[in-house]
**Student:** 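Have a look at this one before I ask anything.
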Amino acid sequence: MKRFLAFVFAVLALSCSRERPAAWQLSLDEKLAMTHAQSRFSSAGVPRLGIPDLWWSDGPNGVRAEALWDSWAQAGWTSDSCTAYPALTCLAATWNEPLASEMGVCLAEEALYRGKDVLLGPGVNIMRLPTAGRNFEYMGEDPLLAGKMASAYIRGVQSLGVAASVKHFALNNQEKARTRVDVHVSDRALQEIYLPAFRMAVQEGGAWTVMAAYNRIWDLHCSENPRLLTDILRRDWGFDGVVVSDWGAVHSTDAASAGLDVEMGTSTDGLRDNPEATDYSAFHFAEPYKEKLLSGEIPEEVLDTQVSRILRLQERTNLRPGRSHGRFVCPEHSALARKVGEEGIVLLKNSGVLPLDTLKALNILVVGENAIKKMAVGGGSSSLKTKYEITPLEGIREAFPLADVRFERGYVGDAGEVYWGVSAGQDLSDSRTPERLSADAVAASEGADVILFVGGLNKSRNQDREGRDRLSYELPYGQDQVLEALIGTGIPLVYVNVSGNPVAMPWAGRASAIMQAWYLGSEAGEALAAVLSGRVNPSGKIPFSWPSSLADTPFYGSERTCPGILREDGHIMDVYYDEGIFVGYRWYDRAGVEPLFPFGHGLSYTYFEYSGLKASFRGGRLRVSVVVRNIGTKEGKETVQLYVGAPAAGDGEAYERPEKELKAFQKVSLRPGESRKVSFEVPVSGLGYYDETLSRFVTVPGRYSIKAGASAGDIRLNKEIILTER
Ligand code: BGC
């Protein structure tokens, strides 16, 4: 209550600042201090008025360990080891909005316990390049799926008075030259592909903060971009919250008038890499901004607007009366982390070898570094220090108590990742040569009933990690050779891929089963073993298309489209999104190329039949229903995906429409033999394309193709209906 009164007082002080005596006002210095960092992860409150500091924390799938006040180095606390939840690609793969909200609530509880006001996530940048370093933190290639899942997550986080920060606004689709890249994208692709997830996060999720990205667009950095931060975000979408910069993404005081409210993480000459430095006055929003305000070059109203937005954020978070104190690493959080993992794991292929029978005394050979490697640490800012992390091998051993479970390394990847001083506490060094490791794995397979190869990527440099993209689509560390040798033994091989990105799998046709296991967090091994053993029936579906090769995508043919062309200044890199709106399945449909696994694909241990598709336009809405029936013998969950193919408004590229676009989805749980009618309603206004000449979305009358399917490549039912009016 005391804090709330302080807030009311401050708002009054601010809003009355023209009429009230000086003592009632926030001083210029007090206001300025609120707009920039005072430490690595906090910005100042107003101690004189009891307005607390704001504490910001990564995010997005756990609360990051404490860093020192003025440096990235670890504070060395013994009470900051959190629960790691699965990375957001896995969350997206659940297609389960209520589950995303539950995860948001758990994250907020951990944030509150740790005294954090803003959780820096979710990230909703569309997966454009299958090699981009941060895809594992994002939510896939489709704007609707990413937007719906992110909104649900945000509602969960914010329900407890912790702000979410949807990031990175906008077009952070590659890590290569991420602070220097200038993105050239059509307005249509921007509005149809790259912005909708952000818009939904703001309008449906109600995000209280947005993080401006490092990169440039329209020849301006995102944090200094009035069209992005003011015209689109605030005017068009009605955002009333705080825009915070990515750490070090501000380059001038222009950011203030452009719509940025808080500057974080700037390295200045005086502060760069200097753990002793305590002086934040060199931030753009500190002394340089003050000079411009005092000289009248920037009107003080600009600062007042920033401060009132920050106070609104504080009213919603750390000045909110009765905010809970949260809880940390409790059984409920572990259970939820496990559940998200279990629902997000995707069974990509199964020739019948899975699930493995827990009642048999199986002889199981587990191969692969990722079976023993802890993965919550690393990857960049989403790196987590965890209370515990159950590895795949530990989970498998526990789930198959009757089996003889043996392990062979197979390859050495990254023997011990330490990230900013946080170590997984493992020394995985192994002095064997690659040939020896492979030969030992083959020798160990003798007599095995099944080989579980747990491989993929990790969070080391040039893999799934912030700051750099992958250099190749192939599996690293010679895994393909080991896999070929093991497949050559004729023993059924289940390949479990740990990654946030697709990888080349030239041997896919010869593997008995393939499972996508993401970065699953604290409960990784438990969740994986539950699906392998059939205790949990898999129901995840990949949130991106999985190409056989990069040559099947439109991006890698020229430097223009990836990674960009360096300007003559040797600094800025121009990247051209020449493929326009044809990203992901929209591209594969248009090119007539089949990916290895289509967007939305994921198998179950049961089977689902679709029937009775009904579709009509009524009352300004597309109304669709379809009946799904579990025709197998196990209880399971199916995500019914509704795609719509819309007519073109005219001839030519400007009017071309994708063959189909995801417009709704619903996940249902069905017992064997049970059927359910699944209904969807989509406003007709949501079926339009972005007309660049009119600068708005336009829905065209004509013939619409309504498709219900189990994935973008498995459309079960199709119906054509006519829209007569908009
Ligand atoms: C990342 C952000 C992160 C911030 C703070 C930046 O490098 O891009 O996603 O929230 O650091 O750690």
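Just follow the structure's listing: the first ligand is 1, and inside any ligand the first atom is 1.
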**Student:** Of all the non-hydrogen atoms in the protein, which one sits nearest to atom 9 (O) of ligand 1, and at what distance?
**Tutor:** His168 NE2, 2.7 Å
**Student:** Using a strict 4.0 Å cut-off to heavy atoms of Leu120, name the atoms of ligand 1 that fall inside it.
**Tutor:** 10 (O)
**Student:** Name the orientation class of the two ring planes belonging to Tyr113 and Phe328 (parallel below 30°, tilted from 30 to 60°, perpendicular beyond 60°).
**Tutor:** parallel
**Student:** In Å, rounded to the nearest 0.5 Å, how long is the span from CG of Leu457 to CE of Met375?
**Tutor:** 8.5 Å
**Student:** Need the ligand 1 atom indices (1-based, order shown) with element for anything under 4.0 Å from a heavy-atom of Met211.
**Tutor:** 10 (O)
**Student:** Which of the atoms of ligand 1 are close to Arg178, meaning less than 4.0 Å from one of its heavy atoms?
**Tutor:** 7 (O), 8 (O)
**Student:** Please state which part of Met264 comes within less than 4.0 Å of ligand 1, counting heavy atoms only: side chain, backbone, both or neither.
**Tutor:** neither
**Student:** Number the atoms of ligand 1 from 1 as they appear, then name those within less than 4.0 Å of a heavy atom of Tyr214, with their elements.
**Tutor:** 6 (C), 7 (O), 8 (O)
**Student:** Looking at atom 5 (C) of ligand 1, what's its closest protein heavy atom, distance included?
**Tutor:** Asp58 OD2, 3.2 Å
**Student:** Who pairs with Thr131 by side-chain hydrogen bond (donor to acceptor under 3.5 Å, both in side chains), at least two apart in sequence or on another chain?
**Tutor:** Tyr556
**Student:** Are Tyr85 and Cys106 packed together at the side-chain level, in the sense that at least one heavy-atom pair is separated by less than 4.5 angstrom?
**Tutor:** yes
**Student:** Run the ring-centre check on Phe599 versus Phe544 and record whether the distance is less than 6.0 Å.
**Tutor:** no
**Student:** Validate the cation-pi geometry between Arg40 and Trp69: distance from NZ or CZ to the six-membered ring centre under 6.0 Å, angle to the ring axis within 45°.
**Tutor:** no
**Student:** What atoms of ligand 1 come within less than 4.0 Å of a heavy atom belonging to Lys167?
**Tutor:** 2 (C), 3 (C), 9 (O), 10 (O)
**Student:** Does any N or O of ligand 1 fall below 3.5 Å from an N or O anywhere on Glu466, backbone included?
**Tutor:** yes
**Student:** Heavy-atom distance under 4.5 Å between the side chains of Asn458 and Val498, does that happen here?
**Tutor:** no
**Student:** Heavy atom of Phe41 under 4.0 Å from ligand 1?
**Tutor:** yes
**Student:** Give a yes/no on ligand 1: does Arg64 have at least one heavy atom closer than 4.0 angstrom to it?
**Tutor:** yes
**Student:** Thr317 and side-chain contact (heavy atoms from CB on, under 4.5 Å): which partner among Leu54, Val118, Val162?
**Tutor:** Leu54
**Student:** Check each of Asp219, Asp187, Asp236 against Arg227 using the salt bridge (Lys or Arg N to Asp or Glu O under 4.0 Å) test, and report the only one that passes.
**Tutor:** Asp187
**Student:** Check each heavy atom of Arg40 against ligand 1 and say whether those closer than 4.0 Å belong to the side chain, the backbone, both or neither.
**Tutor:** neither
**Student:** Classify the contact between Arg134 and ligand 1 as side chain, backbone, both or neither, using a heavy-atom distance cut-off of under 4.0 Å.
**Tutor:** side chain
**Student:** For atom 6 (C) of ligand 1, what's the nearest protein heavy atom and its distance?
**Tutor:** Asp246 OD1, 2.9 Å
